[in-house]
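A quick write-up on the structure given underneath.
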Amino acid sequence: MPNRSIELALLGVLALLWGSSYMWISLALPSFPPATLIAIRVLLAALVLLAIMAARGIRLPLDRRNWKQFFIQSLVNSTGPWLMLAWGQQYAGTAVSSVLNSTSPLWVFVFSFVLLNRGERPGTRQLTGALFGFAGIVLIVGVGALEDIGRNLVPQLVVLFGAALYGIAALRGPVFAGVPPIVTAAGTLICASAVLVPGSLLIDRPWQLTPDATGVVAVLTLSIACTALAFLIYFRLLNTLGAMGTASQAYLRSGVGVFLGVVFLSETLDLETFAGICLAIFGVVLINWPRAAKRHDVSAPVPASK
């Protein structure tokens, strides 16, 4: 394990990048339809990572096994969840979607009993942290959002399934244990681009778009910072903090959104929201608290007295 404080700082950066992506998406959507926006996001991010790899002399693997894993990861880490959230949020509502989309740490805990060996599964403390974090999200979004759960059942289930895919994506981290994070990130985004770019060309005809300067800046920021850089950090953290620790950034994203709203949009911070942010942070701390090292008592032989 590298320096834990550095890894936790990177977890905060990841939450900041992915938490701010909602703001950049809202600024870009007037210029780019959802399918085209997501396609540009993954394609530009892949090109940025490929340029960095070329400068550092790092090559992509050529074997079929790695590319099969990259493709599966792209489905559960980007293509599937992003499309599900984009569609489901239109009908389920933003507040309910935020709550459902933040359940990925809970899904990591559930799926770990199916996919991991007993010694690799999260413990009771991490489950407690996940529950505290989820409670914090409910307070941040507003307890009233829970009243809408079940009203638009199919879109809500789609959003929830997208969060479940995030949980599976986090648990697949050990598959890429021997691969540098930049290679995994680039391979995943290339596979996502291979699916999303043709789809956007068929659906939106993006060559007919006339984006404004705000939309262009937003999509560039979303691609370079919130995707290329974020994926680099994400795949690094899977190796250092593990699936549950990395997934816990989902609880920090809503707090980041509130912070950005207060700073840039002159929004107010009420007591319920503040309490929710504190609960979410406490949950993340519990999830990432290092496990106590097991003590091994080895009795040394007592030398015979002379």
Side-chain angles (χ1 to χ4, degrees), residues 17-55 58-62 66-68 70-94 97 101 154-155 158-159 161-162 165-166 169 182-235 257 260 264:
L17 292 173
W18 278 348
S20 66
S21 66
Y22 299 107
M23 179 182 70
W24 297 115
I25 288 172
S26 66
L27 292 173
L29 278 175
S31 297
F32 302 95
T36 296
L37 177 60
I38 297 173
I40 295 174
R41 176 181 182 177
V42 296
L43 179 60
L44 287 183
L47 293 175
V48 168
L49 293 179
L50 287 174
I52 295 174
M53 290 174 59
I58 301 174
R59 296 183 179 182
L60 287 168
L62 300 177
N66 271 308
W67 281 101
K68 176 184 176 181
F70 291 155
F71 182 74
I72 295 173
Q73 190 72 12
S74 72
L75 293 179
V76 298
N77 210 155
S78 52
T79 307
W82 290 350
L83 290 176
M84 290 176 183
L85 180 61
W87 181 82
Q89 187 173 336
Q90 298 178 79
Y91 308 99
T94 301
S97 297
N101 196 43
V154 173
V158 169
V159 174
F161 187 67
L165 290 182
Y166 281 136
I182 191 170
V183 174
T184 306
T188 300
L189 290 170
I190 289 171
C191 291
S193 301
V195 174
L196 293 170
V197 171
S200 71
L201 293 175
L202 292 173
I203 297 170
D204 295 332
R205 299 183 179 180
W207 57 86
Q208 298 178 350
L209 299 175
T210 54
D212 58 21
T214 300
V216 172
V217 171
V219 77
L220 288 174
T221 305
L222 188 66
S223 301
I224 297 171
C226 302
T227 308
L229 177 58
F231 265 55
L232 272 176
I233 296 173
Y234 173 81
F235 284 110
L260 293 176
F264 296 106

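Atom set for the values below is all heavy atoms of this structure, side chains included, hydrogens, waters and symmetry mates excluded.
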field: For I58, side-chain contact (heavy atoms from CB on, under 4.5 Å) partners two or more places apart
entry: M53, R56, I182, V183
- line: Nearest heavy-atom approach of L189 to A46 is CB-CB, 3.9 Å
query: So do V42 and V195 actually touch side chain to side chain, heavy atoms under 4.5 Å?
result: no
- request: Go through V48 and L229 one step at a time and tell me if the side-chain contact (heavy atoms from CB on, under 4.5 Å) criterion holds.
  value: CA-CA 9 Å; V48 168; L229 177 58; over 6 Å; no
With T227 via side-chain hydrogen bond (donor to acceptor under 3.5 Å, both in side chains) - residues at least two apart: R41
field: pair L49-I190: side-chain heavy atoms closer than 4.5 Å
entry: no
statement: Of all heavy-atom pairs linking F231 and S78, the shortest is CZ-CB, 4.2 Å
message: Run the ring pair (Phe, Tyr, Trp, His ring centres under 6.0 Å) test against Y234 and tell me which residues pass, sequence neighbours left out.
response: W18
query: Taking the side chain as C-beta and beyond, is there a heavy-atom pair between L196 and L43 under 4.5 Å?
result: no
Pairwise side-chain contact, L47 with S193, heavy-atom cut-off 4.5 Å (strictly under): no
message: Under the rule for side-chain hydrogen bond (donor to acceptor under 3.5 Å, both in side chains), what residues qualify as partners of S31, not counting sequence neighbours?
response: D212
field: With sequence neighbours excluded, residues passing side-chain hydrogen bond (donor to acceptor under 3.5 Å, both in side chains) with T36
entry: D204
task: Tell me, with the steps shown, if L27 and T221 meet side-chain contact (heavy atoms from CB on, under 4.5 Å).
output: CA-CA 11 Å; L27 292 173; T221 305; over 6 Å; no
query: Roughly how far, to the nearest 0.5 Å, is CG of L50 from CZ of R59?
result: 13.5 Å
message: So which atom in S74 and which in A192 form the shortest heavy-atom distance, rounded to 0.1 Å?
response: CB-N, 3.7 Å
message: As a quick check of understanding, evaluate side-chain contact (heavy atoms from CB on, under 4.5 Å) for L44 and I224, giving each step before the final call.
response: CA-CA 7 Å; L44 287 183; I224 297 171; 5.8 Å; no
field: side-chain hydrogen bond (donor to acceptor under 3.5 Å, both in side chains) partners for W82, two or more places apart
entry: Y166
field: Matching residue for F32 among L222, I25, I40 - test: side chain to side chain contact (heavy atoms under 4.5 Å, CB included)
entry: I40
message: Measuring from atom CG of L29 to atom CH2 of W24, what distance do you get when rounded to the nearest 0.5 angstrom?
response: 14.0 Å
query: So, does W67 use its side chain to make a donor-acceptor pair with the main chain of P61 at under 3.5 Å?
result: yes
- line: Between L37 and A28 the two heavy atoms that sit nearest each other are CD1-CB, 3.7 Å
